[in-house]
**Q** 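My questions all concern the structure below.
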Number of protein chains: 2
Amino acid sequence: MKEDTFSMKINEYLPLRDIVFQTLRKAILTGELEPGERLMEIQLGEKLGVSRTPIREAIRKLELEGLVVMVPRKGAQVAHFTEKDIQDVLEVRAALEALAAKIACKRMDDRSFLKLQLAITEYDYAAKEKDIETMIEKDVEFHETIFNATQNDKLIQLFNNLREQVHRYRIAYLKNAGESELVHKEHMALLEALQERDEKLAEEIAAKHIQTQCVSIMRFIKNKTQRISEESKQRRFF
Amino acid sequence: MKEDTFSMKINEYLPLRDIVFQTLRKAILTGELEPGERLMEIQLGEKLGVSRTPIREAIRKLELEGLVVMVPRKGAQVAHFTEKDIQDVLEVRAALEALAAKIACKRMDDRSFLKLQLAITEYDYAAKEKDIETMIEKDVEFHETIFNATQNDKLIQLFNNLREQVHRYRIAYLKNAGESELVHKEHMALLEALQERDEKLAEEIAAKHIQTQCVSIMRFIKNKTQRISEESKQRRFF
DNA sequence: AAGATATTTTGTGTATACACTAAATGCATT
DNA sequence: AATGCATTTAGTGTATACACAAAATATCTT
């Protein structure tokens, strides 16, 4: 289903601005472009082989998404994320995941349940191989399946906005085997609740799941900042 | 507080693109620009006295917000909102309002409570005068105060995105005196719950309040479509 | 007159040019 | 050497120019 839309799109015409948007977005979320880094239009244009116009239009979208901040007459720079920003995002996401789980309870069908099961299984395989990127991918797939099942387009849109905002932290904390075990267990529990059509329980597990993630990420950051301060490095924790 | 930031901003430099963005956004939300209407860059540029560049950049933001849709090589047009879209938006908003109420329970201070009280009172005055625009304004102010109290910037950002999406319907259904009475009662109930720091109750009332609004708007639309079909007009219900 | 094929028009998508600001650099003065 | 001022430079903000596609119109053929 996702593949369909995608393979259709590659045949369709895609404006440069959208390609640039996706490229920059990914670069920011993976940390390739670091927070605070300036996005200079001419330089980026040369790198990507396009003029300033598509670059600027892509930046406008990133600005609205909050991934870049504009300094008047100084242009764009990658937004800094503080610890609080991460907590804020995850607090909202927890509420949206709970809502999604509640609605999904009513609307999920066998096909969706199998998708969830598949995502969990593939996650496990990836975990055995310690293939972090695939693990994240399958984790996203799991949550995406639930959101898609809600058939609430606005909810899906907001999820797409929030889902990868903590990408770079998840890479780090999922390396911890214990964390990835926990993710598995919570996914299984949520799947069961959904199959039982137990709205209250599903809501609760979904919210708890994100809170767990938040706690893990915070612990990871705390460790990292500590290590960094021990090494007396002055830069921020990312 | 809101005024401070604003009066600061008017002294600051504001790029044309942002002025255009706000102008177009308002025009769409109030219905001045009708759904389906094409946004032609040159035409808009002449109207607003600017070139295509700021127009295009404003459109990129509206695109991400979902207020306009892009047709490849045909440009932008104001997005159509179906009945389902409204329900989707309000379903999400209900969840966010509930979250905001819960957090606000912990963080609201006397100053914020007075703001809520003031918003309610001014709403009542406006209701007596049947000044719909002011009523909407004060209603927004009430909810805004709660969201601001959460101190969760992401939550506030999303609220700003969702809050006015149903603007044109509220104008219509608030004309109904019964509805505006109900709004008053629910606001009072929510204020009390917040003052009691009763998280569960506040959450519940906040969500219910939006659901009430959703039902009212749906009823209004149903009536309107019915009237229109009786008049055998073919256009959509907005 | 109907249909097929040029032709024109309109409007987007992208690139480039111009205007202006702010920071950086250099130079002179003390 | 430090400070103040002029000059340059780098980069954004805005306008315009060019390229191209799609739709609309006109023209030709039968």
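Excluded from the calculations below are hydrogen atoms, water molecules and symmetry mates; all remaining heavy atoms, backbone and side chain alike, are included. Note that the coordinates shown come from a computational prediction; the quantities given were computed from them, not determined experimentally.
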**Q** In whole angstrom, give the distance that lies between atom CD of A/Glu57 and atom C1' of C/dT12.
**A** 10 Å

**Q** Quick one: sort the B/Tyr169 and B/Phe220 rings into parallel, tilted or perpendicular, breaks at 30° and 60°.
**A** perpendicular

**Q** Over all strands shown, is A/Leu39 touching base, sugar-phosphate only, or nothing at heavy-atom distances under 4.0 angstrom?
**A** sugar-phosphate

**Q** For A/Arg17, report the nucleic acid contact type (base, sugar-phosphate, nothing); a contact means any heavy atom under 4.0 Å.
**A** sugar-phosphate

**Q** Can you check whether any acceptor in the base of C/dG11 is under 3.5 Å from a donor in the side chain of B/Arg52, or vice versa?
**A** no

**Q** Check the distance between C/dA15's P and A/Ile42's CD1 and give it to me in whole angstrom.
**A** 14 Å

**Q** Salt-bridge test for B/Lys222 and B/Glu83: reply yes if a basic N is under 4.0 Å from a carboxylate O, no otherwise.
**A** yes

**Q** Taking CD1 from B/Ile55 and P from D/dA15, how many angstroms apart are they, rounded to a whole number?
**A** 9 Å

**Q** Nearest heavy atom decides the nucleotide; on that basis, is A/Gly49 or B/Glu41 closer to the 5' end of DNA chain C?
**A** B/Glu41

**Q** For A/Glu144, is there an ion pair with A/Arg163 - N to carboxylate O distance below 4.0 angstrom?
**A** yes

**Q** Do NZ/NE/NH1/NH2 and the carboxylate oxygens of B/Glu91 and A/Lys154 come within less than 4.0 Å?
**A** no

**Q** B/Arg73 CZ to D/dA19 P: how many Å, rounded?
**A** 16 Å

**Q** Atom CZ of A/Arg60 to atom P of D/dT12: distance rounded to whole Å?
**A** 10 Å

**Q** Tell me: CZ of B/Phe21 to C1' of D/dG13, nearest whole Å?
**A** 18 Å

**Q** For B/His187 and B/Phe142, take the angle between the two ring planes, folded into 0 to 90°, and tell me which bin it lands in: parallel under 30, tilted 30 to 60, perpendicular over 60.
**A** parallel

**Q** To the side chain of A/Met40, which of C/dT12, D/dG11, D/dT14 is closest?
**A** D/dG11

**Q** Rounded to the Å, how far apart are B/Met70 CE and C/dT14 C1'?
**A** 14 Å

**Q** Within the structure, does a side-chain N or O atom of A/Thr53 lie under 4.0 Å from either OP1 or OP2 of C/dT14?
**A** no

**Q** Rounded to whole angstroms, how far apart are NZ on B/Lys74 and P on D/dA22?
**A** 11 Å

